Amino acid sequence: MGIYLNPGNSGFQMIRNSTYVDKTGLIDFINSTINTPRRLTCFSRPRRFGKSFAAKTLCAYYDRSCDSRALFEGLNISGMKSCEKYRNQFNVIYIDITWFLSLTKEKKNLVSDIQTRVIRELRETFSGCVSEREDALQQALFDVSESTGIKFIIIIDEWDALFREAKDDDALQKEYIQLLRGLFKGGTATDDSIAAAYMTGILPVKKYGTESALTDFQEYTMTEPDAMAEYIGFTEDEVRALCEENHVDFTEMKSWYDGYSFEGFASVYNPNSVISAIWRKSFRSYWTKSETYESLKNYISMNFDGLRDSIIAMLSGQRADVDTDTFQNDMTSFESRDDVLTLLIHLGYLAYDQEDSEVYIPNREVADAFRTAVKTTDWQGVSRLLADSESLLKATLRGDAETVAAALELAHESNASLLKYNDENSLSCAITLAYYTARNYYEIIRELPSGKGFADMAFIPHRNTDKPAMVIELKYDKDADTAIRQIKDNRYTGCLKDFAGNLLLVGVNYDKDADGKEKKHHTCIIEKI
């Protein structure tokens, strides 16, 4: 076994020794591409979504230097027709670009270092097959395959790390792309030496203009996952089974880490965070702690028309439209709001609804990252709103109607350029932002099914909290008593019958002057039922 050539199955063995979710159906998919025109696969997804686990699984399955039969017994792939045909039948080249970047003293030497190190192992293992003068990896692979009659499976982990670590070095990026083109561009040498290739990373294949840099690859991404959708993260059935097996609250798990959605899989969970919550028996932000919020702050603070408004709308629970087609698949070529939002999809900070071309913040974990990032921007009105939201919730729970009215009045005044007082969505946006940290304790539902109000909202407590349920009704140029009566008359509380004896009704009104100008004066009444 080597480092780059036939690395063995020890990596997958370690994965199996821990809490394991069976994703070996991916192997059957790659098997279906072997020695076909579709044999080149690039599957991109966010950090900590199982990219390296998948790469190590494929290494263990294909590597002919080891016997992995026992490791795959009882797993999904073992019951599939292709399992015996291809298990441990190929020479595997495994290249982790992040590893190479850590070894290379100067990034400009990365491409030559990759070829030098891999060819050295080929030469040592297959004595006499590779000329001492040979320095082109593609030719070395062809020479070995021709001599042995055995093709290679190429697995490249973190393939796009160079575009992230050397994002301003165009010359190095192009040299790297040329290496990949040389390896995988159709031709006799490639056809005769490479049975299949699997690349994984965060970003899709880089575009130059409107063209992909590697046109022969079949791409599966966060915006177009297609057949790979179930392998992006954990499905709901997988998470439910984990929770039952480990005696963990599934409802709380769903609230924290669900939210990504693809055709055929309405609920996809962040796998790293799910496993961390199970190990630690605690729900909190795990995935977002592994990268500084500064990067998110920098992206959402870019000066593109409509970007700030879209972020604020999503913070309040709404969705934003997006066109993902213009994104150049790198971290520097931003031309519009849509480019930034598309990058955030690929980074996992936003979920994407392919059918409606909309983005949204997927869950509580990611929402926390956005809240932290926004609080340090120059969006003073919004950042103050988020910072004060915990105090507003406490005032509401203790029945301090005067403080609540003053806080909501300040929220409206601070965001006058964003919020129009006679617009229902803006009012709901203001309320949700003002009560932003309430999502740590509540599921917030806008427009109760039985409601007919102007901006009514229900706050349903999570299971692990003893906080009361709440209904908030906002009125315009009437009075807070009218808001309370509407809650009672429309029987909103019937939807919350399970919280009888522990329910707050919150009625809020704001007035306008006689000449029609907004006075922004708010009044509030809070009743406990």
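The analysis underlying the following values was restricted to heavy atoms, covering all of them including side chains, and did not include hydrogens, waters or symmetry mates. Since the structure is predicted, the reported quantities are computational estimates derived from the model, not experimental observations.
In this structure, E358 contributes its side chain and D353 its backbone to no donor-acceptor pair below 3.5 Å. The backbone N or O of N440 lies less than 3.5 Å from a partner atom in the side chain of R364, making a donor-acceptor pair. Remark: side-chain polar atoms of D157 are not paired, donor with acceptor, to backbone N or O of A55 under 3.5 angstrom. Judged purely by atom type and a 3.5 angstrom limit, Y436 has no side-chain atom pairing as donor or acceptor with the backbone of A387. In terms of modelled atom types and a separation under 3.5 Å, the side chain of N509 and the main chain of T523 share no donor-acceptor contact. Within the 3.5 Å criterion, the main-chain N or O of V205 finds a donor-acceptor partner in the side chain of N329. Panel note: side chain S276, backbone S273; no donor-acceptor pair is recorded below 3.5 Å. K51 places no side-chain N or O within donor-acceptor distance of the main-chain N or O of S44, the cut-off being under 3.5 Å. In this structure a side-chain-to-backbone donor-acceptor pair under 3.5 Å is present from E365 to Y286.
Aromatic ring centres of F29 and Y231: separated by at least 6.0 Å. Aromatic pair F12/F72: ring centres closer than 6.0 Å. Proximity of the aromatic rings of Y349 and W287 is defined here by a centroid distance below 6.0 angstrom, and this criterion is met.
Proximity of M222 to L350: side-chain heavy atoms (C-beta onward) are nowhere separated by under 4.5 Å. Counting heavy atoms from C-beta on, the side chains of K167 and D330 never come closer than 4.5 Å. Side-chain contact between L397 and M470: present, with at least one pair of heavy atoms (C-beta onward) separated by less than 4.5 Å. At least one side-chain heavy atom of C524 sits less than 4.5 Å from a side-chain heavy atom of V506. Using a 4.5 Å heavy-atom cutoff, the side chains of T57 and K23 are not in contact. Residues S255 and E443 have side chains not in contact (no heavy-atom distance under 4.5 Å, counting atoms from C-beta outward). The shortest side-chain heavy-atom distance between W159 and F217 does not fall under the 4.5 Å cut-off. Between M331 and F163, every side-chain heavy-atom pair lies at or beyond the 4.5 Å cut-off.
Note that CG of L26 is 9.0 Å distant from CD of E230, once rounded to the nearest 0.5 Å. Put simply, CZ on R47 and CG on L347 are 8.0 Å apart, with the number rounded to the nearest 0.5 Å. The CG atom of D226 lies 6.5 Å from the CD atom of Q354; values are rounded to the nearest 0.5 Å. Of the inter-residue distances, the one linking T235 atom OG1 with D258 atom CG reads 10.5 Å to the nearest 0.5 angstrom. Note that CD of Q486 is 13.0 Å distant from CG of D481, once rounded to the nearest 0.5 Å. Distance check, rounded to the nearest 0.5 Å: OG1 of T200 to CZ of F43 gives 7.0 Å.
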Test side chain to side chain contact (heavy atoms under 4.5 Å, CB included) on C243 and V239; report intermediate values, then the result.
CA-CA 6 Å; C243 288; V239 173; 4.1 Å; yes
I'd like to know whether M253 forms a side chain to side chain contact (heavy atoms under 4.5 Å, CB included) with V248, so could you lay out the CA-CA distance, the side-chain angles of the two residues, the decisive distance to 0.1 Å, and finally the verdict.
CA-CA 8 Å; M253 186 76 80; V248 173; 3.7 Å; yes
Under the side chain to side chain contact (heavy atoms under 4.5 Å, CB included) criterion, do I526 and V404 qualify, and how do the steps go?
CA-CA 9 Å; I526 301 174; V404 171; 4.1 Å; yes
Determine, step by step, whether R45 and M228 satisfy the side chain to side chain contact (heavy atoms under 4.5 Å, CB included) criterion, reporting the C-alpha distance in whole Å, the side-chain angles of both residues, the deciding distance to 0.1 Å, and the verdict.
CA-CA 10 Å; R45 44 188 161 148; M228 295 293 200; over 6 Å; no
Test D321 against R337 for salt bridge (Lys or Arg N to Asp or Glu O under 4.0 Å), laying out the working first.
CA-CA 10 Å; D321 63 286; R337 151 198 176 276; 3.7 Å; yes
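Shown here is M302, whose CE atom has more than 12 heavy atoms of other residues, nucleotides or ligands within 6.0 Å. Atom CG of D305 has 12 or fewer neighbouring heavy atoms from other residues, nucleotides or ligands inside a 6.0 Å radius. Taking a 6.0 Å sphere around CZ of F100, one finds it holds more than 12 heavy atoms contributed by other residues, nucleotides or ligands. The neighbour count for R280 CZ, taken as heavy atoms of other residues, nucleotides or ligands under 6.0 Å away, does not exceed 12. Within 6.0 Å of NZ on K281 lie more than 12 heavy atoms contributed by other residues, nucleotides or ligands.
Between P204 and H346, the shortest heavy-atom distance links the atoms CG-CE1, 3.3 Å. In plain terms, the two heavy atoms of G201 and D160 that are nearest each other are CA-OD1, 3.2 Å. Between Y257 and F283, the shortest heavy-atom distance links the atoms OH-CA, 3.6 Å. Taking each heavy atom of A469 and Y442 in turn, the nearest pair found is CA-CE2, 4.3 Å. Here the shortest heavy-atom pairing between L505 and I484 reads O-CD1, 3.7 Å.
In this structure, a donor-acceptor pair under 3.5 Å is absent between the side chains of T342 and D339. Between the side chains of S267 and E236, a donor-acceptor pair is found at a separation under 3.5 Å. The closest side-chain donor-acceptor pair between Q318 and S316 falls under 3.5 angstrom. Counted by atom type alone, D22 and T24 present one or more donor-acceptor pairs between their side chains at under 3.5 Å. Residues E390 and T437 bring a donor and an acceptor atom of their side chains to less than 3.5 Å of each other. Q13 and N17 form a side-chain donor-acceptor contact under 3.5 Å, judged by distance and modelled atom types alone.
The existence of a salt bridge linking D368 and R439 is excluded, since no basic side-chain nitrogen approaches an acidic carboxylate oxygen closer than 4.0 Å. A salt bridge is defined here as a Lys NZ or Arg NE, NH1 or NH2 lying under 4.0 Å from an Asp or Glu carboxylate O, and D169 with K107 fails to meet this definition. With respect to E473 and K488, no salt bridge is recorded, no charged nitrogen being found less than 4.0 Å from a carboxylate O.
Geometrically, R240 engages F250 in a cation-pi contact defined by less than 6.0 Å to the ring centre and at most 45° from the axis.
Ring planes of F327 and F334: parallel class, angle under 30° (limits at 30 and 60°).
Considering Y352, F49, Y269 as possible partners of Y260, the one that fulfils the ring pair (Phe, Tyr, Trp, His ring centres under 6.0 Å) test is F49.
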